[in-house]
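A short worksheet on the structure shown next.
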Amino acid sequence: MEVSVFERTSTTDKIISPMTYNLVLGLTLLWGFWVNWMMVEYIPVESISGINPWIFFGGYFASCFFGIYLFNNSEKPIVSFIGYNFVVVPFGLIINLVVSGYNPEIVSEAIRTTGLVTFVMMLLGSMYPAFFQRIVGGLTIALICVIIVELIQIFIFNTHHGIMDWIVVAIFCGYIGYDWARANAIPKTYDNAIDSAAALYIDIINLFLRILRILGRR
């Protein structure tokens, strides 16, 4: 039975150099961001908003969970890359819907801010991997609590408090540092690079969407 990417302590796959490993990881991330950008540029937002919400969100979650299953449970780079794209595409649809409501200048600022924060958290993850290992349990509990609170706010009180966005930003900053530290602690193979990029992609996109909301309120 396969184990998820960050639980892999040994491998029979070819070990690659740290430079190649990070290059593959970075290119995989850039591929996902490029696909999302193309979707925003060329898919009319009206064609997405016109989809029945039950069908849209059902397909969104089904695609994401299937993609996560693929890249977590495969040690073949091509299969992991296919799984990665099953995550990237539905996220791209959400991004398209969200950014359509914001000024392009604010979107650009959110991209720059997300890139800077991501770089800093990756740097910290490299410097203090043990610290992020210690706080991950708290991050998980905090994320679950935030999801529950936000669902209650939306469906019961029909409101949203801005402080929740700041909390989510802090949580995903922690996850970026944690996943980056884990990415550099596992065997450096092509498959692990792709799988690590997929995990980081989810962190970074969630961070971007919250930063965009914060900047939009300003």
Taking all atoms of both residues into account, what is the closest heavy-atom pair of [X] and [Y], and its distance?
X: Val24; Y: Ala193; answer: CG1-CB, 3.8 Å
X: Leu207; Y: Cys173; answer: CD1-SG, 4.1 Å
X: Ile94; Y: Tyr60; answer: CG1-CE1, 3.6 Å
X: Ile186; Y: Ser196; answer: CD1-OG, 3.8 Å
X: Ile15; Y: Pro187; answer: CD1-CB, 4.0 Å
X: Gln133; Y: Tyr178; answer: OE1-CE1, 3.5 Å

Nearest-0.5 Å distance that lies between atom [atom1] in [X] and atom [atom2] in [Y]:
X: Phe208; Y: Tyr201; atom1: CZ; atom2: OH; answer: 10.5 Å
X: Leu25; Y: Asp195; atom1: CG; atom2: CG; answer: 10.0 Å
X: Ile205; Y: Leu29; atom1: CD1; atom2: CG; answer: 9.0 Å
X: Met38; Y: Asn36; atom1: CE; atom2: CG; answer: 11.5 Å
X: Ile106; Y: Arg217; atom1: CD1; atom2: CZ; answer: 11.5 Å
X: Met121; Y: Leu200; atom1: CE; atom2: CG; answer: 11.5 Å

Would you check if [X] and [Y] make a side-chain contact, meaning some heavy-atom pair closer than 4.5 Å?
X: Val146; Y: Met164; answer: yes
X: Phe91; Y: Asn206; answer: yes
X: Phe56; Y: Ser49; answer: no
X: Ile202; Y: Asp179; answer: no
X: Leu143; Y: Leu139; answer: no

| message | Show, in sequence, the C-alpha distance, side-chain angles and deciding distance for Leu212 and Thr113, and conclude whether the side chain to side chain contact (heavy atoms under 4.5 Å, CB included) test is met. | response | CA-CA 9 Å; Leu212 180 60; Thr113 303; over 6 Å; no
Under a single-linkage definition using a 4.5 Å side-chain heavy-atom cutoff for Ile, Leu, Val, Met, Phe, Trp and Tyr, are [X] and [Y] assigned to the same hydrophobic cluster?
X: Ile141; Y: Ile171; answer: no
X: Ile176; Y: Phe132; answer: yes
X: Trp54; Y: Phe57; answer: no
X: Tyr190; Y: Met19; answer: no
X: Leu215; Y: Val120; answer: yes

| field | Donor-acceptor side-chain pairing of Asp203 and Trp180 below 3.5 angstrom | value | no
| query | Do Thr140 and Tyr175 have side-chain atoms, one donor and one acceptor, less than 3.5 Å apart? | reply | yes
| request: Please say which of Asp191, Asn85, Asn192 ends up in a side chain to side chain donor-acceptor pair (under 3.5 Å) with Ser80. | output: Asp191
| message | Between Ile144 and Ile148, is the side chain to side chain contact (heavy atoms under 4.5 Å, CB included) condition met? List the steps. | response | CA-CA 6 Å; Ile144 293 172; Ile148 293 173; 4.0 Å; yes
Is the backbone of [Y] close enough, under 3.5 Å, to the side chain of [X] for a donor and an acceptor to pair up by distance?
X: Thr118; Y: Thr114; answer: yes
X: Ser47; Y: Ile43; answer: no
X: Tyr84; Y: Ile194; answer: no
X: Asn96; Y: Met39; answer: yes
X: Ser74; Y: Phe71; answer: no

| request: May I have the step-by-step check of side chain to side chain contact (heavy atoms under 4.5 Å, CB included) for Phe131 and Leu124, ending in yes or no? | output: CA-CA 9 Å; Phe131 167 76; Leu124 292 174; over 6 Å; no
| field | Sidechain N-carboxylate O distance under 4.0 Å for Arg112, Glu105 | value | no
| Aromatic ring proximity Trp31/Trp34, centre distance under 6.0 Å | yes
| Using the benzene-type ring in the case of Trp, are the ring centres of Phe66 and Phe86 under 6.0 Å apart? | yes
| Leu209/Arg213 under side chain to side chain contact (heavy atoms under 4.5 Å, CB included): CA gap, chis, key distance, verdict | CA-CA 6 Å; Leu209 292 174; Arg213 180 179 283 186; over 6 Å; no
